[in-house]
**Q** 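What follows is a single structure, and I will ask about it in a moment.
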Amino acid sequence: MDFGNNNLFPLPPEHHQFQMRAHMYQARGLIAADSTGLSDPFARVTFLTHSHTTAIINQTLTPTWNQMLLMTRVTLHGDLTHLEQEPPRIVIEVYDDDALGKAEYLGSTVAVPVVRVSEQPYSPPQLQYSPLFCGSQSGGDLLGAFELIQIPESGKECLPALDEPDGQIYPVPGNIRPVLSRYRLEVLFWGLRELKKVQLLSVDRPQVFIECAGKGLRSSVIQSYKNNPNFTTLVDAFDLVTNISFSF
């Protein structure tokens, strides 16, 4: 037998070690799943056989998770140049939490991670919007960034530093988070007109909830919509801290 023929003993596929960082910052325009007109959203990030979830943000359609999901050691097989050009995709699913039952699906999207090989100087990724879809229905937008960082032979100690965790949650690093500003949003309430029936019943005591960047306020309750459809409290306001390009 000719053992000099390498075709009889093919070499094992090339493999590389990576750390995957999913920077889950915000979402907007999510589907309302609760009777309040809001949701309790959390996101699940799946990459190959790895899966992690964000914290739950209660009663909002614009959650700010500000959370980095860390997959510490991921093995990828194949040519490194090809992995840089065509990395595996990341699936992000958003759900409405239900303390008494199964979480309700709100939408999903697919993201392409930025690949950083160990020989290259590191530069932080930029947050980008990804549209969420629930079937054919628009499910809002996700603001996040995803990166695959090759782990050098010297070990994980050589990887870019992380911000200090808050308990078990790592925040999105400061060099990736958007620059925030403080605002006061003033709301002028006048009245309501042409309200439709809800479950075949007429609406008699309506109230309006205003939300922006995870903060909000409620109007006064109209005591009798049929007799007087105007609000008794005409002006209200609330403070918020946000990047204005995201919220407006």
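Keep in mind the model is a prediction, meaning the values are calculated, not measured.
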**Q** Does the side chain of Val208 come within less than 4.5 Å of Val187's, by heavy atoms?
**A** no
**Q** Partners of Asn228 by side-chain contact (heavy atoms from CB on, under 4.5 Å), sequence neighbours excluded?
**A** Asn230
**Q** Determine whether the side chains of Arg205 and Gln223 contain a donor N or O and an acceptor N or O closer than 3.5 Å.
**A** yes
**Q** Within this structure, what is the CD-NE2 distance for the pair Gln150 and His16, rounded to the nearest 0.5 Å?
**A** 6.5 Å
**Q** Does any non-hydrogen side-chain atom of Ser108 lie less than 4.5 Å from one of Val94?
**A** no
**Q** Under a 3.5 Å cutoff, is there a donor and acceptor pairing between the side chains of Gln26 and Arg28?
**A** no
**Q** Tell me, please, which residues at least two apart from Arg184 pass salt bridge (charged side-chain N to carboxylate O under 4.0 Å, His left out).
**A** Asp239
**Q** Would Val45 and Phe47 show up in the same hydrophobic cluster when neighbours are defined by side-chain heavy atoms closer than 4.5 Å?
**A** yes
**Q** Roughly how far, to the nearest 0.5 Å, is CD of Glu93 from CG of Leu106?
**A** 11.0 Å
**Q** Does a sphere of radius 6.0 Å around CZ in Arg193 hold more than 12 heavy atoms from other residues, nucleotides or ligands, not counting ones at 6.0 Å or beyond?
**A** yes
**Q** Identify every side-chain donor-acceptor pair in residues 158-177 under 3.5 Å, counting partners at least two apart or on other chains, and give the distances.
**A**
| from | atom 1 | to | atom 2 | distance (Å) |
| --- | --- | --- | --- | --- |
| Asp163 | OD2 | Gly174 | N | 3.1 |
| Arg177 | NH1 | Val172 | O | 2.4 |

**Q** What residues join Leu100 in its hydrophobic cluster, counting side-chain heavy atom gaps under 4.5 Å, either direct or through other members?
**A** none
**Q** Is it true that atom CD of Gln120 has more than 12 heavy atoms of other residues, nucleotides or ligands lying nearer than 6.0 Å?
**A** yes
**Q** Once you round to the nearest 0.5 Å, how far does OG1 of Thr109 lie from CD1 of Ile90?
**A** 11.0 Å
**Q** How far apart are the closest heavy atoms of Leu83 and Gly78, and which atoms are they?
**A** CD1-O, 4.0 Å
**Q** With sequence neighbours left out, what residues match Glu86 under salt bridge (charged side-chain N to carboxylate O under 4.0 Å, His left out)?
**A** Arg89
**Q** Look up atom CG in Leu76 and atom CZ in Phe18, then write down how far apart they are to the nearest 0.5 Å.
**A** 5.5 Å
**Q** Which residues end up grouped with Phe133 if you chain together Ile, Leu, Val, Met, Phe, Trp and Tyr wherever their side-chain heavy atoms are less than 4.5 Å apart?
**A** none
**Q** Return each pair, listed once, that meets salt bridge (Lys or Arg N to Asp or Glu O under 4.0 Å) where at least one residue sits in residues 104-133; pairs must be two or more places apart or across chains.
**A** none
**Q** Quick one: name the residues clustered hydrophobically with Leu200, using the 4.5 Å side-chain heavy-atom rule over I, L, V, M, F, W, Y, and just say none if it's on its own.
**A** none
**Q** Tell me, please, which residues at least two apart from Thr75 pass side-chain contact (heavy atoms from CB on, under 4.5 Å).
**A** His15, Gln17, His77
**Q** Output yes when a side-chain donor or acceptor of Asp96 lies under 3.5 Å from a complementary backbone atom of Asp40, and no otherwise.
**A** yes
**Q** Restricting to non-hydrogen atoms, name the atom on Ile151 and the atom on Thr72 that form the minimum distance, rounded to 0.1 Å.
**A** CD1-O, 3.5 Å
**Q** Taking only residues two or more places apart in sequence, or in another chain, which ones meet Leu38 in a side-chain contact (heavy atoms from CB on, under 4.5 Å)?
**A** Thr36, Gln59, Leu61, Phe209, Glu211
**Q** Are Leu132 and Leu143 linked, directly or through intermediate hydrophobic residues, by side-chain heavy-atom contacts shorter than 4.5 Å (ILVMFWY only)?
**A** no
**Q** Taking Ile92 as the starting point, is it possible to reach Val114 by hopping between hydrophobic residues whose side chains are less than 4.5 Å apart?
**A** no
**Q** In the structure I gave you, are the side-chain heavy atoms of Leu142 and Met24 within less than 4.5 Å of one another anywhere?
**A** yes
**Q** Compare all side-chain heavy atoms of Ile57 with those of Thr64 and state whether any distance is below 4.5 angstrom.
**A** no
**Q** Under 4.5 Å side-chain heavy-atom separation, chaining through any Ile, Leu, Val, Met, Phe, Trp or Tyr, what else clusters with Ile56? Say none if it is isolated.
**A** Phe42, Tyr95, Tyr105
**Q** So, Gln207 versus Ser219: side-chain donor-acceptor pair below 3.5 Å or not?
**A** no
**Q** Quick one: are Lys197 and Ser202 in side-chain contact, heavy atoms under 4.5 Å?
**A** yes
**Q** Give, for atom CD1 of Ile210 and atom CG of Leu185, the distance between the pair rounded to the nearest 0.5 Å.
**A** 8.0 Å
**Q** Is a donor on one side and an acceptor on the other found under 3.5 Å between the side chain of Thr233 and the backbone of Ser220?
**A** no
**Q** Given side-chain contact (heavy atoms from CB on, under 4.5 Å), test Leu192 with Phe231 step by step and report yes or no.
**A** CA-CA 8 Å; Leu192 297 171; Phe231 294 103; 3.9 Å; yes
**Q** Which pair of non-hydrogen atoms, one from Leu195 and one from Tyr225, has the smallest distance, and what is that distance?
**A** N-OH, 3.1 Å
**Q** Is there a path of hydrophobic side-chain contacts, each under 4.5 Å between heavy atoms of I/L/V/M/F/W/Y residues, joining Met68 to Met20?
**A** no
**Q** Do you know which two heavy atoms are closest between Leu30 and Pro41, and how far apart they sit?
**A** CD1-CB, 3.6 Å
**Q** Supply the atom-to-atom distance Leu234 CG to Asp236 CG, rounded to the nearest 0.5 angstrom.
**A** 11.0 Å
**Q** Looking at Val117, is its backbone amide N or carbonyl O close enough to the side chain of Glu84 to form a donor-acceptor pair, meaning the two atoms are under 3.5 Å apart?
**A** no
**Q** Compare every heavy atom of His50 with every heavy atom of Val74, then report the nearest pair and how far apart it is.
**A** CG2-NE2, 3.9 Å
**Q** Partners of Ser51 by side-chain contact (heavy atoms from CB on, under 4.5 Å), sequence neighbours excluded?
**A** Arg44, Thr46
**Q** Is it the case that one hydrophobic cluster holds both Ile149 and Phe146, taking links as side-chain heavy atoms less than 4.5 Å apart, direct or via other members?
**A** no
**Q** Taking all heavy atoms of Ala33 and all of Ser39, pick out the closest pair and write down the distance.
**A** N-OG, 2.9 Å
